[in-house]
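This report refers to the structure that appears directly beneath it.
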Amino acid sequence: MRSPPRTAAILTALWVAEMTSSFETAMILAALKALVAEFGGAARAGWLVTAFLIVGSAAAAVVGRLGDIYGRQRVLLIVLALGAAGSLLSATGWSYGVVLLGRVLQGATMTILPLCIGLVRENLPPGRVPAGIGLLVTGASVGTAAGLVLGGLIVDHASWHGIFLASGGFCLVSLALVARLVPPSPRQTGGPPVDWLAGVLFAPAVTLVLLYLSAGKAWGWADPFALTLLGAGVVLGMAWWRRALASANPLIDVRSLANRSIAVACGASALVAMGAMQIMVYFSLLMQAPAWTGMGMGLSATMAGLVKLPSSLTAIPAGPFSGWLTARGGGRLAMVIGGLITTAGWVMALSDNRSVAMAALQLIVIAFGTMMLFTAAPTIIAAEAPPERTSEITGMLGVIRSLFMGVGSQMVATLLASDSVTRGAERYPSPDAYHLALYAIIALTLGATAISLMLPKRGRV
């Protein structure tokens, strides 16, 4: 059993690594205006965000499995090195292609969380694993806030190159901490040979579907090229599924979903991703829409960000709290309480009160509950998954979340566009459209809560 000081050192290193991952995700948002001006268009700047997300989401389960096989600490060091190399490439690149290539490499950092969860289970006593995972997830909240705030300061007082230098520095610091404080992981030995094809097919299948969800609106959902990408992704996904089921030792094993707790956690997470995790899609538009629309608050983008800031800070303790509940009452208790809190926050948003203070309170309640749900699902999976596949299955959870977040964002956008109010050339969602989106989000969140009741009253921890 690890001594408390050693446990604290391991958690510190992994917490900083996960903070680095979310910093890489958020920092680019602070520089979008400068990148639009630099590269001549919102579409090009947008692909610097999209390419990062698609690569990271598609690679999460595959990289997690590679960590399970070859050693999670070793693979985490490689991922951090790739993130540092990509950041430095983007920082020194003056052409769009070079900066985009750097962002693709940085996308590897989105695979950090599954590796860290596996390392927590590998190095901590079983009773401390839920709280350890909860602490890791708070690193994501802190990293996101740091990416937005620090990124904005760097862009305002230096240049967009500086955000990539900062992210490269974070990656190098994390790499040094992990190398120094986290023990090397054992490799898997013995057993049937790994079926690599039953994993290689997975990544391009997810990539093509995510590409359709991310760029389909710009191309046109019924555009032949976009539909071809979607169709190819579905066909590859079906081929991967059949191959994985038939293989004795697939790289990515879909049979893990036969475990009820894992299947329920993934199903509930899919509904949460479609609904509750659309918090910024909904509130960003609501807060920045003009007051004459009947629902809008007329805030600037900066003010809207400041209204969101308290919820980012108050959500930080939700991760450890969710882990504490899971350790004592099981994942079902944490998921249900988190779902009820989240639902309560969205029900509060049904009010037509356009008070900024009320919006901040609603965001705090929603973010706290959503963070509990976000933490509980991987904690449940870490307890139920075979030790040799912990990072793989946790990575698959990340893929499911990414896919359904894409579906949810388009659903919310469609509902908000279902009815509108106009003034001159300006067109915004009507109060009825906002309420329609809210009803859908509330229904999905309640659905996730109801599904969570299918979990055992007290699972393994």
Cationic tip of Arg103 above Phe164 ring, under 6.0 Å, 45° of axis: no
Could you give the distance from NE2 (His435) to CD1 (Ile442), rounded to the nearest 0.5 Å? 9.5 Å
Where Met396 and Ala61 come nearest, the two heavy atoms and their spacing: N-CB, 3.7 Å
Where do Val79 and Ala108 come nearest, in terms of heavy atoms and distance? CG1-O, 3.2 Å
Residue pair Arg260 / Pro456, side-chain heavy-atom distance below 4.5 Å: yes
Can you tell if the side chain of Tyr428 reaches within under 4.5 Å of the side chain of Leu416, non-hydrogen atoms only? no
Backbone N or O of Gly319 within a donor-acceptor pair of the Ser322 side chain at under 3.5 Å? no
Thr326 side chain near Leu333 side chain, heavy-atom distance below 4.5 Å: no
Look only at the side chain of Ser418 and the backbone of Leu415, and say whether a donor-acceptor pair between them is shorter than 3.5 Å. yes
Please round to the nearest 0.5 Å and tell me the distance separating atom CG of Asp253 and atom CD of Glu392. 6.5 Å
Side chains of Leu257 and Cys266, heavy atoms from C-beta outward: is any pair under 4.5 Å? yes
Heavy-atom pair of closest approach, residues Ser402 and Leu210: O-CD2, 3.9 Å
Can you check side chain to side chain contact (heavy atoms under 4.5 Å, CB included) on Leu236 and Leu208, steps first, answer last? CA-CA 9 Å; Leu236 282 175; Leu208 291 171; 4.0 Å; yes
At what distance, to the nearest 0.5 angstrom, does CG of Leu136 lie from CD1 of Ile112? 11.0 Å
Is it true that a side-chain atom of Ser391 and a backbone atom of Pro114 form a donor plus acceptor pair closer than 3.5 Å? yes
Has the side chain of Arg401 got a donor or acceptor atom that lies under 3.5 Å from a matching backbone atom of Phe374? yes
Within the 3.5 Å criterion, strictly below it, is a donor on Ser90 or Gln106 matched to an acceptor on the partner's side chain? yes
Of all heavy-atom pairs between Gly395 and Ala60, which one has the smallest distance, and what is that distance? O-CB, 3.6 Å
Between Ser21 (side chain only) and Ala17 (backbone N and O only), is there a donor and an acceptor less than 3.5 Å apart? no
Could you give the distance from CZ (Arg389) to CZ (Arg65), rounded to the nearest 0.5 Å? 3.5 Å
Pair Leu230-Leu213, side chain to side chain contact (heavy atoms under 4.5 Å, CB included): steps then yes or no: CA-CA 9 Å; Leu230 177 62; Leu213 293 173; over 6 Å; no
Mark yes or no for whether Thr314, through its side chain, and Pro310, through its backbone, hold a donor-acceptor pair below 3.5 Å. yes
Measure across Pro320 and Pro317 and return the closest heavy-atom pair with its distance rounded to 0.1 Å. CD-O, 3.4 Å
side-chain contact (heavy atoms from CB on, under 4.5 Å) filter on Leu53, not counting sequence neighbours, yields Thr25, Val49, Met110
Does a side-chain heavy-atom distance below 4.5 Å link Tyr282 with Trp346? yes
After noting the C-alpha distance and the side-chain angles of Ser409 and Gln278, does the key distance pass the side chain to side chain donor-acceptor pair (under 3.5 Å) rule? CA-CA 6 Å; Ser409 66; Gln278 304 301 323; 4.7 Å; no
For Thr449 and Met335: C-alpha separation, side-chain torsions, deciding distance, then whether side chain to side chain contact (heavy atoms under 4.5 Å, CB included) applies. CA-CA 7 Å; Thr449 308; Met335 291 286 285; over 6 Å; no
Distance-only donor-acceptor check, side chains Ser420 and Ser430, under 3.5 Å: no
With sequence neighbours left out, which residue pairs that include part of residues 88-116 fulfil the ring-ring contact (aromatic ring centres under 6.0 Å, His included) condition? Phe39-Tyr96, Trp94-His161
Parallel, tilted or perpendicular, as decided by the 30° and 60° cut-offs, for the rings of Phe225 and Trp219: perpendicular
If only side-chain N and O atoms count, and only distance matters, is there a donor-acceptor pair under 3.5 Å linking Thr422 with Arg427? no
Is the backbone N or O of Pro290 less than 3.5 Å from a side-chain atom of Thr293, with the two atoms forming a donor-acceptor pair by type? yes
Could you give me the CA-CA distance, side-chain angles and deciding distance for Thr342 and Phe368, then say whether side chain to side chain contact (heavy atoms under 4.5 Å, CB included) is met? CA-CA 7 Å; Thr342 307; Phe368 191 92; over 6 Å; no
Check whether any side-chain heavy atom of Ile366 sits under 4.5 Å from a side-chain heavy atom of Ser311, and report yes or no. no
Side-chain heavy-atom pair Leu88, Leu165 within 4.5 angstrom cut-off: yes
Could you measure the distance from the OG atom of Ser22 to the CE atom of Met27? Nearest 0.5 Å is fine. 11.5 Å
Against Leu135, only a single residue in Thr138, Val137, Ile133 fulfils side-chain contact (heavy atoms from CB on, under 4.5 Å); can you say which? Thr138
Of the non-hydrogen atoms in Ala349 and Leu438, which two are nearest, and what is the gap between them? O-CD1, 3.4 Å
Please report the interatomic distance CG(Leu100) to OG1(Thr50), rounded to the nearest 0.5 Å. 10.0 Å
Side chain to side chain, Leu150 and Phe170, heavy atoms closer than 4.5 Å: yes
